[in-house]
Structures are given as structure tokens and as C-alpha cells.
There are 2 protein chains.
Amino acid sequence: MSNPNPSSAPTLRDVAEAAGVHTATASRALNPKTRQQISAETARRVMRAAQALGYQPNSVARSLKTSRSSTVGLVIPDLTNPLFPPIVRGVESVLESDGYNVWIVNTDNDEERERAKIESLRSRRVEGLIVATARLDHPLLRQLHEQGVTMVLINRQVRDLPIPAVTGDDATGIAAAVRHLAGLGHTRIAHLSGPLGTSTGLVRSQAFRHAVRDHGLADDLVVECARWSEDDGAAALRALLSRTTDFTAVVAGNDLIALGCYDVFAERGLSCPGDISVIGFNDMPFLDKLRPPLTTVAVPRHELGAEAARMLLDCIDEPGRPARSLLLPATLVVRGSTAAPPRRA
Amino acid sequence: MSNPNPSSAPTLRDVAEAAGVHTATASRALNPKTRQQISAETARRVMRAAQALGYQPNSVARSLKTSRSSTVGLVIPDLTNPLFPPIVRGVESVLESDGYNVWIVNTDNDEERERAKIESLRSRRVEGLIVATARLDHPLLRQLHEQGVTMVLINRQVRDLPIPAVTGDDATGIAAAVRHLAGLGHTRIAHLSGPLGTSTGLVRSQAFRHAVRDHGLADDLVVECARWSEDDGAAALRALLSRTTDFTAVVAGNDLIALGCYDVFAERGLSCPGDISVIGFNDMPFLDKLRPPLTTVAVPRHELGAEAARMLLDCIDEPGRPARSLLLPATLVVRGSTAAPPRRA
DNA sequence: TTGTAGGCGTTATCAT
DNA sequence: ATGATAACGCCTACAA
């Protein structure tokens, strides 16, 4: 009684021997797509043997042979930004039901890390990439696109690069925010933009200028944040305040930047919305419990992820597919951080 | 001029041909550990060729041959719980610098999903697992342990299973919370525990009972939440309130459960901390900006991840290593959600 | 120092 | 319907 493969995990060969068939037959029996090629009786015997041995197929060997992996990579710039976890779940909900695994990687907004992680994903033969780290100028993504890598952008885009993308409707969202403030009577509205090297930063910033001009207001109260973070939001507001205090409302590039404003308000004894109103962007979780509850522009985060996943599946199924962009609606959520401006001193 | 491998990604064989050596030599030249076996001149030629062709090693083939992958799996129950992203970063910070890739999977607290994802990780030959989904009774983890799978638990443990674990010091944290409330004059303190099927839920609950008894207080104001969520926290508080209103403080099983209390306060017009004080657990981000800012027990989330990663590396390097548990200190962070109890009516 | 050869576990293409 | 065979790309004794 010889066991050619003691102790170690059973292979297809072990299953085949136990079932008294050739490995090729065992392979066909275990794969639903080829199962009908063999007799029901044999198939049953093989499956029983596999069950009995606790056989688990070796995905690595399969990937080597087929150069496919049933895996896609999801590239996130900063997992601690509450915007992203719901997007991740949206992506997973679609991809999992289609039999794909999702490999999440976190780049921490670091180019080198991004390169290394994407390279690692590719060397593992992921079948596609969903990328949330795009910058307007992004040599790496450009290069991947030229190499024909299947990918979909989410939330942000790359300038002049025809890659499919799913994003929120930034312009409409910002316009709604400005309209809300103008309607409350604000006439001096500032914008703390996100990094202008990202499409979201630039688009929201441009939309802001257009919107305030449409209301006949000045469009020069704009400061750029170096990153999408609370600290950078606070720094930007401090910089603005050192230049002028002649504004009564702030449209923040996103919710984290808005939270940075809260820090500065606390620091300087300013009241929100009494002295200054603030609007965020994204409607990340827990904003309704802040002091004050943050008025913000909601984007459908789960849907964003789900749609990007569907789009990626389409791209995988139909490689030559022309890129298309999907814009998901953004809606203003009014809470307690916005009110009429204080009466002019 | 024959190109046996047009258009497709270059393989080691292509590099070898370009450099005029055998694949074995090319392999040795490209691997730092074997590079010294060959002449500097040859090594240089191979590396130049690899560079010129844009050669990227195929990790799948390498894994199949070596049955190693330089990859570890990180199993998270709920990525949208802000406790976890900082832990993820802690894990990555250690593992990346050691040349490992981290494959993050999200189980959504679903057993079936957990099984499928862990199976997928294993079939890809991950070299170890860091698991944050442990329940006290966890057949899957028990089975993996019996199969000798290298893993480390984080945040939670499995009952009577000698797997290395890194957790926060729940008992001390809860004791500090109760001491703080007792010191403020509270004598009727409730506990909304997390699921008692998790070690964190059970340990914190037991610690709560011990602590209140140590202060000579009643230990029967305890309700269990079905899950670690805001909704379940709210439901538990409603259930408690329907039983009795004779308490002035709540120790919540974690921050999300505490946020659920905030919902109920708003619903019923209760003032916090005026009518009821609340303490959370974990010190997830943004709690300082809540209304009121949440007093909570802070655990070193990044450190938790980093230590678990170090422990996993140790386990990988030294397979027979006896399991050890690491308990990281938890500290009370006093904010605005706790105050002296209202004067008795 | 370099080349040879075999095999990791699977699937695809033959042939039977 | 099933078996034989080769190959995916890489690594590593072993031989030279």
C-alpha cells in the first residue's frame, strides 16, 4: 500500500488514483464546465474521492496553466478614509457573486508603494484592476493602459486617458452646495479644494468657481489642500484666515477637509454655523453625529463600487470594448453646519 | 531572427536567450541569494537583458515551484468599522518592509464568506494568516490550527485554542471606565455588551461585572448586542430602557454601540451627559468631534497590527514556536460624554 | 561558474 | 468517454 504523497495536501493525482481514473479525467469531473464530457458515474466517483480526501484545488497551478486567476485587484489610496470601505463592499458584492476574488491593496498615497503593489498584483495574474488612486497626471496608469491592462477607475480619473471610469457627479454636487449657501444669504463663500493634481480636486474647484460666478459672487476665496486630510484642511483654513476673514461660508473639498475646519473653529473660538457655515463632500459615515452635524454632498459609495465592478466584468468579457464613463448622481444632505450668515458687523 | 515569444510578457527564457546564457544561469543571476554563484560579468549581462526586455518574474510560476508566495492573508470582519483600517496599516507597515504582500479580505461577519475567502487565500499558498474574525467557538479556525496553518489572531481570541494572539487589555480598560464613572458619583451603571460569542464581548462583559462589584454596585444592568454595530447598540439601549430607567451611565462594548446610544438619546430627548453618561471602547477616529465628544477606552490600533505582523513573521521563521499572547495596554480617554450623574429626582 | 533535466499541479490537445 | 502527453514559467539538485 504505497502512498506517494504522505501528509502533504492531496493533489489531483491523489484524487485520480483514489477514484481509479487518470488525472485528466479527474480534472474534467471536478470542473463544472467540463463535467458533461464524462459519464455521470465516473464523475460521481471522482467527486466522492475528492470529498473523502479533502481535496482543494491548487489555484497557483491552475493559474500557471490557464494564466487566469479569478482575481481582481482593488487599489485604494487610503483605507482609513471612511469614503473607501463602503466602496470596497460595493465592489465585493458584485465580484464575489461572479466568482471573483478581490485583492485589496492600500497605497497610502505613496507612488512607490503603488507601483510595487500593482506590480505584485500583475505578477499574480489578476484579471483586472479597479483603481481609486488616479491622479490627473499618472504615468504609471498611462503605461498600464498602453500595455493593455484591463482596468476601471473609480472616483477619480486621469487626464486625457480613455479608461473606463465610475465617478460621482462632482460638478452638480458642488453647484448644489453653493446654491444652498447662496440661498441662505451667503455672499462671500470660500472653497478649500482638494489637491488639484486629482480630478476630484480640480473638477470640484472649477465647479465651485463657476457656481459662485453664476450667483454673481466672487470666486477668489480658494485655497488648495495638499492632501485629502483633516490636517491639511485645518492648515488651509488657517492660511485663508490669515489672508482674510471676510467670508461666511466654506465649501470643503471633502468631509475630512471639513473636519479640519472644525478643528480650527475650536482653536479660534469660532461658532459653526453661527460665524461660519461649512459643507463637506462624500457623506462619509457618522457625520450626522458630529458637533454640529455636517451638511455635505452625498455620493452613492456602495453603488460607485458596484458599478465599477460591473464595468470591469464587462471589460474582462469583451476586451476591445470602448471606454465609457459613468457619472453617479450626488445629492446635497443638509444638516446643522449651515445656516444664514451672521449679520454684517 | 526568431522571436519565440512575440508580444506576450517576456519570460526568464527570453532573458536568458537575450543574454546568451541558459535559463538556470539567468535565474541565478536575477535572484540576489544565488547571484554570488555566478561571475559578475554574466550577472551584469543578464540583469541588463532583463532590464531591456522589461522582464517581470511570474510569481505564479515561482509559487508553484517553491510553494511559497511572499504573501500573507489578513482577514477582517468588517472593513467599515473604523477600528480596522488603522490595524491594517499597522500590519502592512511591518510586513511590507519584510518583503511580504498583504492580501486583505473582508468577511462581513459571514461564516460562509469567511470560509470561502480563507480557502481562497490558502489555495493561493499564503504563508500565514492574520485573523480578526475570531469567535470563542470557531470550528473553522480550530480546524485550520489542527492542519498546522500558520496564523495569528488579532483583537479577539478563540476559547481554549493555543494560537498566538495580540489583543488590547480589555479588562483593564473596562475597569478604568467603571472607576471613572464611579468616581463621578454614578452608582447605577449599565453595560451594553458586544456579542458574548466573541472574546472581546465576553471579556469586557465579565470585566464590567467584576468592576462594578468591586465598587459595591449592582452588576445586573447588562444587555447583549447581537452585533458590534450602531443599530444593535441602539436596540440594546431601547431594550434596557423598556426594562428600567434606573441607571445614569452606560459602558458600551465598543464605540459603535456607544454611537447607537447617541441615536436613542436623540430619539427620546435625553441629554448626554446630563441625563446619562456614556463610555465607548477602541477610540476610533473622529470621536473627538462628536456631539458630545465620546469618552472611550483607547487601544493602540496601529501597534496591534504591527505586533501581530511581527508575531506572524516569527511563526513563519520558526514553525514549532509555542503560542504566546500579547496584551497591549488600553487607556481611558476622557471627553465630554461623561459627567456627574443628575441629582436624584 | 555554468548547463542539464526534472518537476511543482493543473489543464488542453491530441489520440484512442 | 477516457487516457496519454505536453506545457504553463520557474527553481534547484546534480552533473560537468
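Residue numbers start from 1 in every chain, and the chains themselves are labelled A, B, ... in the order their sequence lines are given, proteins ahead of strands.
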Novice: Kindly state which residues belonging to residues 41-64 of chain B come within less than 4.0 angstrom of DNA chain D, counting heavy atoms of the residue only, listed by number.
Specialist: Tyr55(B), Pro57(B), Asn58(B), Ala61(B), Arg62(B)
Novice: Would you tell me if any nitrogen or oxygen in the side chain of Ser39(A) comes within less than 4.0 Å of OP1 or OP2 on dT2(D)?
Specialist: yes
Novice: Evaluate whether atom CD of Gln37(B) has more than 12 neighbouring non-hydrogen atoms of other residues, nucleotides or ligands under 6.0 angstrom away.
Specialist: yes
Novice: Between His22(B) and dT2(C), does any side-chain N or O lie under 4.0 Å from OP1 or OP2?
Specialist: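 His22(B) to dT2(C) OP1/OP2: no side-chain N or O under 4.0 Å.
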Novice: Return yes if some donor-acceptor pair links the side-chain N/O of Arg156(A) with the main-chain N/O of Thr198(A) below 3.5 Å, else return no.
Specialist: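 No: the side chain of Arg156(A) does not pair with the backbone of Thr198(A).
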Novice: Could you please name the option among dT10(C), dC10(D), dA12(C) that lies closest to any side-chain atom of Ala24(A)?
Specialist: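 Nearest to the side chain of Ala24(A) among the choices is dA12(C).
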Novice: If I take atom CZ in residue Arg13(A) and atom P in nucleotide dT11(C), what distance separates them, rounded to the nearest angstrom?
Specialist: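 To the nearest whole Å, that distance equals 16 Å.
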Novice: Identify whether the distance between the nearest side-chain nitrogen and carboxylate oxygen of Arg89(A) and Glu92(A) falls below 4.0 Å.
Specialist: no
Novice: To the nearest Å, how far apart are Gln37(B) CD and dG3(C) C1'?
Specialist: 13 Å
Novice: For atom CD of Gln51(A), decide whether the heavy atoms of other residues, nucleotides or ligands shown that lie under 6.0 angstrom number more than 12.
Specialist: no
Novice: Using side-chain heavy atoms (C-beta onward) and a distance below 4.5 Å, is Thr167(A) in contact with Leu326(A)?
Specialist: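 Side chain of Thr167(A) against side chain of Leu326(A), heavy atoms only: no contact under 4.5 Å found.
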Novice: Base, sugar-phosphate, or nothing for Ser27(A), non-hydrogen atoms under 4.0 angstrom?
Specialist: base
Novice: Could you give the CG-to-C1' distance, from Leu12(A) to dC8(C), as a whole number of Å?
Specialist: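 Going from Leu12(A) (CG) to dC8(C) (C1'), I get 13 Å.
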Novice: Applying the side-chain contact (heavy atoms from CB on, under 4.5 Å) criterion to Arg115(B), which one of Asp110(B), Thr107(B), Leu140(B) satisfies it?
Specialist: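 With Arg115(B) as partner, side-chain contact (heavy atoms from CB on, under 4.5 Å) holds for just one option, Leu140(B).
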Novice: Return the 5'-most residue of the pair Thr66(A), Gly20(B) with respect to DNA chain C, ranking by each residue's nearest nucleotide.
Specialist: Gly20(B)
Novice: Nearest whole Å is fine: how far is dC10(D) P from Leu30(B) CG?
Specialist: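 Whole-Å distance recorded here is 9 Å.
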Novice: Salt bridge between Glu119(B) and Arg122(B), side-chain N to carboxylate O under 4.0 Å?
Specialist: no
Novice: Would you call Glu146(A) and Arg142(A) a salt bridge, taking side-chain N to carboxylate O under 4.0 Å as the test?
Specialist: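 Salt bridge flag = no for Arg142(A) with Glu146(A).
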Novice: Quick check: do Arg321(A) and Asp314(A) have side-chain heavy atoms less than 4.5 Å from each other?
Specialist: yes
Novice: I want to verify a distance call: between dT11(C), dC11(D), dT5(D), whose nearest atom is closest to the Lys65(B) side chain?
Specialist: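 In terms of side-chain proximity for Lys65(B), the closest of dT11(C), dC11(D), dT5(D) is dC11(D).
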Novice: Figure out the CZ/P separation between Arg125(B) and dC8(C), and round it to whole Å.
Specialist: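 Answer to the nearest Å: 13 Å.
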Novice: Rounding to an integer number of Å, can you tell me how far Arg28(A) CZ sits from dA12(C) C1'?
Specialist: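 Taking CZ of Arg28(A) and C1' of dA12(C), I get 9 Å after rounding.
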Novice: What is the bend of the helix from dT1(C)-dA16(D) to dT16(C)-dA1(D) when you compare the axis at one end with the axis at the other, using five pairs each and rounding to 10°?
Specialist: 40°
Novice: Starting at CD of Gln36(A) and ending at C1' of dT2(D), how long is that distance when rounded to a whole Å?
Specialist: 15 Å
Novice: Find the distance Glu17(A):CD to dG3(D):P and express it as a whole number of Å.
Specialist: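 Rounding to the nearest Å, CD of Glu17(A) and P of dG3(D) are 13 Å apart.
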Novice: Taking only the side-chain nitrogens and oxygens of Thr25(A), find out if one of them lies under 4.0 Å from OP1 or OP2 of dG3(D).
Specialist: yes
Novice: Got a salt bridge between Arg45(A) and Glu41(A), using NZ or NE/NH1/NH2 to carboxylate O under 4.0 Å?
Specialist: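 Salt bridge present between Arg45(A) and Glu41(A).
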